[in-house]
Amino acid sequence: MLRRKPTRLELKLDDIEEFEGVRKDLEGRKKQREEAEAAAGEEAAAAATALALGAEHKSREQLVNERIGYKPQPKAGGRAAHFGTFEF
């Protein structure tokens with residue numbers, strides 16, 4: 001196997017400027033994301049306190065059903081209502 005000398009890498013002014021530009025862009029995005037998360041956190045906290053202080057106290061099951069969009073439909077009648085049909 002042939003050995004070769006290590007390759008020399010040179011850092012140019014254009015490379016430094018490009019790095020600084022990308023870094024500033026990423027920092028700006030991170031700052032926007034943090035601000036959006038902080039605003040969402042404040043809204044969630046306000047909603048939680050309103051829920052806790054509200055006159056309507058719902059069961060955990062009802063809260064989960066509302067959150068996932070499930071609206072249970074009560075079955076009509078009992079077993080006699082289904083007599084003669086194949087639905088049980």
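For this chain, numbers begin at 1 and follow the sequence in order. Here the structure is a predicted model, which means the values were calculated and not measured.
- Judged as a side-chain hydrogen bond (donor to acceptor under 3.5 Å, both in side chains), and not counting sequence neighbours, Arg67 has no contacts.
- Here the straight-line distance linking atom CG of Asp15 with atom CG of Leu9 works out to 10.0 Å at 0.5 Å rounding.
- Atom CD of Glu61 sits in a sparse spot, with 12 or fewer heavy atoms from other residues, nucleotides or ligands closer than 6.0 Å.
- In this structure, Gln62 contributes its side chain and Ser59 its backbone to a donor-acceptor pair below 3.5 Å.
- Here the CD-NZ distance, from Glu20 to Lys24, works out to 6.5 Å after rounding to the nearest 0.5 Å.
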Going through the checks in order, is the salt bridge (charged side-chain N to carboxylate O under 4.0 Å, His left out) test met by Glu27 and Lys31?
CA-CA 6 Å; Glu27 287 176 354; Lys31 188 175 183 179; over 6 Å; no
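- Residues near Leu13 contribute nothing to a hydrophobic cluster around it, because no ILVMFWY side-chain heavy atom sits closer than 4.5 Å to its side chain.
- Taking NZ of Lys30 as the start and CZ of Arg33 as the end, the distance is 8.0 Å to the nearest 0.5 Å.
- Side-chain contacts under 4.5 Å among hydrophobic residues (ILVMFWY), followed directly or transitively, place Phe19 with no other residue at all.
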